[in-house]
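Below, all heavy atoms of this structure are taken into account, side chains as well, without hydrogens, waters or symmetry copies.
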Amino acid sequence: MAEPVATSQIIGSDGFELHPADETAILRELEHYEQPQAACIEALKIVQRRHGWVPDEAIPAIARVLGIGPGAVEGVATFYSLIFRQPVGRHVILVCDSSSCFLTGFDELKQALVDQLGIDYGETTNDSRFTLLPVCCLGACDGAPALMIDDDTYGPVTADDLPGLLEGYP
């Protein structure tokens, strides 16, 4: 295993450069774990917070800081559903499609979102305000059907609740 790299010039062959503050934050995360792979999710989240998503070109730069192979970083990035690998809107709406939500009105909620936003899963509104994505469980079964906008979880949510909820996310 390679050693983590501490340098202010983590630049990939494609020209992607980690922001120095992101590099510092990733190196700080490494201090909390015995294995650098364990810091991978946090490293990806750090880059995502700055860019809104994790570009392909960031993977080798993150790998170099962590001292692991880019394949290991790519594996985590593609497995973890809250790491976005393409640009998303200013606000991400995750619609829970777990059994509890499915049985309590998921179909109506999803359709109301599609109708109101004019987009389907995996799409972003023309004004880049919202991206709509499914999620297999929000852990909010007692409030089904549930959805999450950014870091805020709501439930139970009906179609009538949507205009008011969405208004709070300019």
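Hydrophobic cluster membership differs between L162 and L133, with clusters built from Ile, Leu, Val, Met, Phe, Trp and Tyr side chains linked at under 4.5 angstrom. Under a hydrophobic clustering in which Ile, Leu, Val, Met, Phe, Trp and Tyr are joined whenever their side-chain heavy atoms come within less than 4.5 Å, directly or via other members, Y33 and V76 fall into different clusters. Hydrophobic clustering of Ile, Leu, Val, Met, Phe, Trp and Tyr side chains at less than 4.5 Å, counting indirect connections, keeps V92 apart from L147. In this structure, V135 is not a member of the same hydrophobic cluster as V114, with clusters built from ILVMFWY side-chain heavy atoms closer than 4.5 Å. The hydrophobic clustering, which links ILVMFWY residues whose side-chain heavy atoms are closer than 4.5 Å, places Y121 and M148 apart.
The residues K45 and E42 are annotated as salt-bridged, a charged nitrogen and a carboxylate oxygen being separated by less than 4.0 angstrom.
Taking 4.5 Å as the limit, some side-chain heavy atom of I149 sits within range of a side-chain heavy atom of Y154. Contact annotation: the side chain of P36 approaches that of L30 to within less than 4.5 Å [non-hydrogen atoms, C-beta and beyond]. Side-chain atoms of L166 and I93, non-hydrogen and from C-beta on, do get closer than 4.5 Å to each other.
What you find for A77 and R85 is that their closest heavy atoms are CB-NH1, 3.6 Å. Taking every heavy atom of both residues into account, C40 and L66 meet most closely at CA-CD1, 3.9 Å. Across all their heavy atoms, H91 and D150 have their closest contact at ND1-OD2, 2.6 Å. Among all heavy-atom pairs drawn from C136 and C96, the shortest one is O-SG, 4.3 Å. The two atoms that bring P70 and P60 nearest to each other are CB-CA, 4.3 Å, heavy atoms only. Annotation for Y169 and F130: closest pair O-CZ, 3.7 Å, computed over non-hydrogen atoms.
Rounded to the nearest 0.5 angstrom, E17 CD and H19 NE2 are separated by 9.0 Å. Between the CG atom in D152 and the CG atom in L165 there is a gap of 9.5 Å [rounded to 0.5 Å]. Distance CD/Q35 to CD1/I68: 10.0 Å, rounded to 0.5 Å. Atoms CG and OG1, on L109 and T158 in that order, are 8.0 Å from each other to the nearest 0.5 Å. In this structure, OG1 on T153 lies 8.5 Å from CG on L94, to the nearest 0.5 angstrom.
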**Request:** Go through the steps for L44 and I62 under the test side chain to side chain contact (heavy atoms under 4.5 Å, CB included), then give the verdict.
**Result:** CA-CA 8 Å; L44 289 161; I62 293 169; 3.7 Å; yes
**Request:** Under the side-chain hydrogen bond (donor to acceptor under 3.5 Å, both in side chains) rule, what do D115 and Q111 come out as? Steps first, then yes or no, please.
**Result:** CA-CA 6 Å; D115 293 344; Q111 190 58 53; 2.8 Å; yes
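Between the side chain of Q48 and the backbone N or O of F84 there is at least one donor-acceptor pair closer than 3.5 Å. Proximity of a side-chain donor or acceptor of T124 to a complementary backbone N or O of V88 within less than 3.5 Å is not detected.
Checked against the 6.0 Å centroid threshold, F16 and H51 count as a close aromatic pair.
Surrounding CD of Q116 are more than 12 heavy atoms belonging to other residues, nucleotides or ligands, all under 6.0 Å away.
Residues D127 and T125 bring a donor and an acceptor atom of their side chains to less than 3.5 Å of each other.
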